[in-house]
Amino acid sequence: MLSQSALTKNTVESLLEGLNEHQRKAAVTTEGPVLIIAGAGSGKTRVLTFRIAYLLQQGIHPSSILALTFTNKAAKEMRERITHLVGDTVYGVMAGTFHSVFARILRQYADLIGYNRSFSIYDTDDQLSAVKAIMVQLGISQQVLPANGVRGRISSAKNAMISWQQYSNGANSVIEKQTAQIFQEYEARLKRSNAMDFDDLLLNMIRLLQQQPDVLDQLQERFRYIMVDEYQDTNKAQYKAVELLARKYRNLCVVGDDAQSIYRWRGADIQNILDFERDYPKATTVRLEQNYRSTKTILAAADSVIKNNSGRLKKELWTDNAEGEKILVLGCRDDREEAETIMKVVRTAMRESNLQASDVAVLYRTNAQSQLIEDAMRRANVAYHIVSGVSFYKRKEIKDTLAYLRVLVNPSDTESILRIINEPSRGIGNTTMQRLQDYAVETNTTLFETLKIAENVVGIQKRSATSVQNFVELITRNQVDIDTEPPALVAQRFMAQTGLADMYRLQNTDESQDRWNNIDRLLSHIQEQYEFDETLTLSQYIEQISLLSDADDEATGGNRVSMMTMHAAKGLEYPMVVIAGMEQGLFPLAKAEQDIDEREEERRLFYVGITRAKQHLVLTYAERRFRFGEMNFSRPSMFIGEIDPACVVGNHSNRTPHSEAHAVQNVWERGSPKRQSEFSQMPEGETYSQLPSAPRYNAPIPKSIRPANKDSVNGYTVGQQVNHPMFGIGTIMALSGSEQSAKATVMFNNGQRKQLMLAFAKLEVV
DNA sequence: ACTTAGTAAATTCTC
DNA sequence: TTTACTAAGT
């Protein structure tokens, strides 16, 4: 069957030999519920992928297998590794994040639960704008009740499967009662907009399964083997959805590590994994306790820290690896010095311990911390990159472009309309939109339907009504070809008409040029994706982008030091890890100082951080740090004190440095052992402000972004004289890209040099 | 309707 | 330091 040739008995058996006894058991116990408690570095992903390969080898049809992960990165890695084992067969396996898998299923059955299949997916920003609009509508001041707090409470409620009715019944305080009211309106508003937020993707999946027995049966029959990765991070809704899907065949295998649960704040319920054996009484439990990643020292340190948490699943991690060197703890005078120190430690380790830049990761608690470390790295010419910093997709111009495209696909999408109806300015102001929104709510129609009849709505100015009419026509005109023409073409033609790119082009500042280029990149990206998969629709593209916020790939490429938050580091490993900002109030965060649960979560996060390291681990802290615009004093993190002192060296407290500690020698070679600050001070005369700043985002858009220069493109040639309606006569200096993404660099006679996109700029050859 | 200036607040993590 | 909201002025 299928391309099973890639998967002979031999490959399976040889793989089997590569697994230890427990891993093997976890992989081949395919029937019934299985709980795999997988300690850090115990080969979890390996077991999961082998398990899937094994199922396929047993003759299980690929489409019977469902594998759910939390991040796109994890899903992608799993697919790649399975592909490695079984080849193309993997294409039948449904593997993805909860949200993406459910979104796909929900599109298919959308009409059964009262949605149109082109529903929009709302991210946190869209949620917030909906909440704000509702608060204005209800006359609740944001001064009294911060909108973002309301958004958070609504989302938490939904995570815990609490409906607005239930929330309303349980509301006691004024704040809760008002929130309940907003909650109710919020649900109605999203429904009217034919939109689901992230939580709805889970909740509607449950609704679908509960309300449509046929669908439930169909899906249960289809997904006979279900696997859930990072089970400790599931929330109530995810738990329920999985429970429903697995109820019939009960071939549910969950993998997780309670010690690595770090998403409580977004509704993850650690109880789900703790209670698995109770919920599935006949479950086989397998413990993966052999660590293949870290040295004995690192493991001991991690263990001594996590021991301070209560209520854990029994698990004893051990390793055959070497003792390894001690953990280096370095106190610094301030955050700048810390950054310099990190740079020096990394550079020294690369030189002395024969490490590549890509062998090193610098981890921190908050994204803001990366700035100074980046500066230090750049100054010293150490190649680095930021993993999932500010996403490309969070940029204003990109969000605007996507909003335009979403309106095209789903005109009911209120939040997207509000976002772009006056961007660029069309003379449609707040008052007008407020009136139209009120009217839409009163008549219980979509905003777009109301826009169509704007002239009949009382209180709307003639001028505004005309502008609205033009906007409606802009949308409807472009919707015509949406199902017949290639998505990139539709998008490009549409965007050229919206005037968004023109607005940035005419602003003609460095910043607007960037924005314009970003729009261009997005449009090119659609083209690329389409070339990769010709069945791609605009709707699918938007969904794909909405559910992606990780800057996955690309980030891993190249020989560079990786810098990221500890959350982002989950699932990764590096020969050398530096954890920065080990200070009370930063790590653990201030709010954890009172709350035991918060503190335990921070501790688990620290545990995750420590266990990323294979051989070298360095912890740093600063005695003073610039935060919130002012200098603050801080004390070393309590977590440092929790590490078994036998595992640690450094200038922390009055412990004397051990001479056998390799890294320590390197660090101290140029300074006095007592005051490490002396060697890490900034050289005189150089300041950080003189340094150019690095791009702050890490765009996941792959390759081909920098097209090669050409002599002739789309009928234009280098050297040609052209006329531009805005800039006048000029000469084409260079050409790049092709078709819709073609660009020309033009030197205009007025002295301006511009990069223009041929699809947008109306260049006339003279 | 749009611009500007002034003030307040918020700064963790993610699908 | 940066962002975001409000109010007043054009």
Quick check against the 3.5 Å criterion: does Asn422(A) have a side-chain atom that pairs as donor or acceptor with the backbone of Ser425(A)? no

Whole angstrom value for the distance that separates C1' of dT3(C) from NZ of Lys399(A): 15 Å

Round to the nearest Å and state the distance from Lys462(A) atom NZ to dA1(B) atom P. 15 Å

Rounded to whole Å, please give me the gap between NZ in Lys73(A) and P in dT14(B). 9 Å

Nearest to side-chain heavy atoms of Phe198(A), which nucleotide of dC15(B), dT14(B), dC2(B): dC15(B)

Please determine, for the side chain of Gln142(A), which listed nucleotide (dC13(B), dC15(B), dC5(C)) has the closest atom? dC5(C)

With a non-hydrogen cut-off below 4.0 angstrom, is Thr124(A) in contact with a base, only sugar-phosphate, or nothing? base

For Gly427(A) and Glu602(A), take the nucleotide of DNA chain B holding the closest heavy atom to each; which residue's nucleotide lies nearer the 5' end? Gly427(A)

Heavy-atom pair with the smallest gap, counting every atom of Gln238(A) and Leu202(A): CG-CD1, 3.7 Å

Can you measure Asn159(A) atom CG to dC13(B) atom P for me and round it to whole angstrom units? 18 Å

Rounded to whole Å, please give me the gap between CE in Met135(A) and P in dC5(C). 11 Å

OP1 or OP2 of dC15(B) under 4.0 Å from side-chain N/O of Ser100(A): no

Hey, does Lys44(A) have a side-chain heavy atom less than 4.5 Å from the side chain of Glu230(A)? yes

With rounding to the closest Å, how many angstrom separate the P atoms on dC13(B) and dA4(C)? 15 Å

Closest to the side chain of Thr431(A), out of dA1(B), dT14(B), dA4(C), is dA1(B)

Do the side chain of Asn272(A) and the main chain of Thr234(A) share a donor and acceptor less than 3.5 angstrom apart? yes

What is the distance from atom CD of Gln584(A) to atom CD1 of Ile640(A), rounded to the nearest 0.5 Å? 9.0 Å

Please check if any side-chain donor atom of Tyr122(A) sits under 3.5 Å from a side-chain acceptor atom of Asp200(A), or the reverse. no

Ranking dT14(B), dC2(B), dA4(C) by distance to the side chain of Ser425(A), first place goes to dC2(B)

What is the nucleic acid contact for Phe70(A), judged by heavy atoms within less than 4.0 Å: base, sugar-phosphate only, or nothing? sugar-phosphate

Of the candidates dC5(C), dT14(B), dA1(B), the side chain of Trp265(A) sits closest to dT14(B)

Could you state the atom-to-atom distance from CZ of Phe587(A) to P of dT11(B) in whole Å? 19 Å

When you get a sec, tell me which of dA4(C), dT14(B), dA1(B) is the closest nucleotide to the side chain of Lys132(A)? dA4(C)

Using atom CG of Asn367(A) as one end and atom C1' of dT14(B) as the other, report the distance to the nearest whole Å. 12 Å

Which is more 5' along DNA chain B, the nucleotide nearest Lys591(A) or the one nearest Asn422(A)? Just name the residue. Asn422(A)

Is Gln143(A) touching bases, backbone alone, or none of the nucleic acid, heavy atoms closer than 4.0 Å? sugar-phosphate

In whole angstrom, give the distance that lies between atom CG of Asn148(A) and atom P of dT14(B). 15 Å

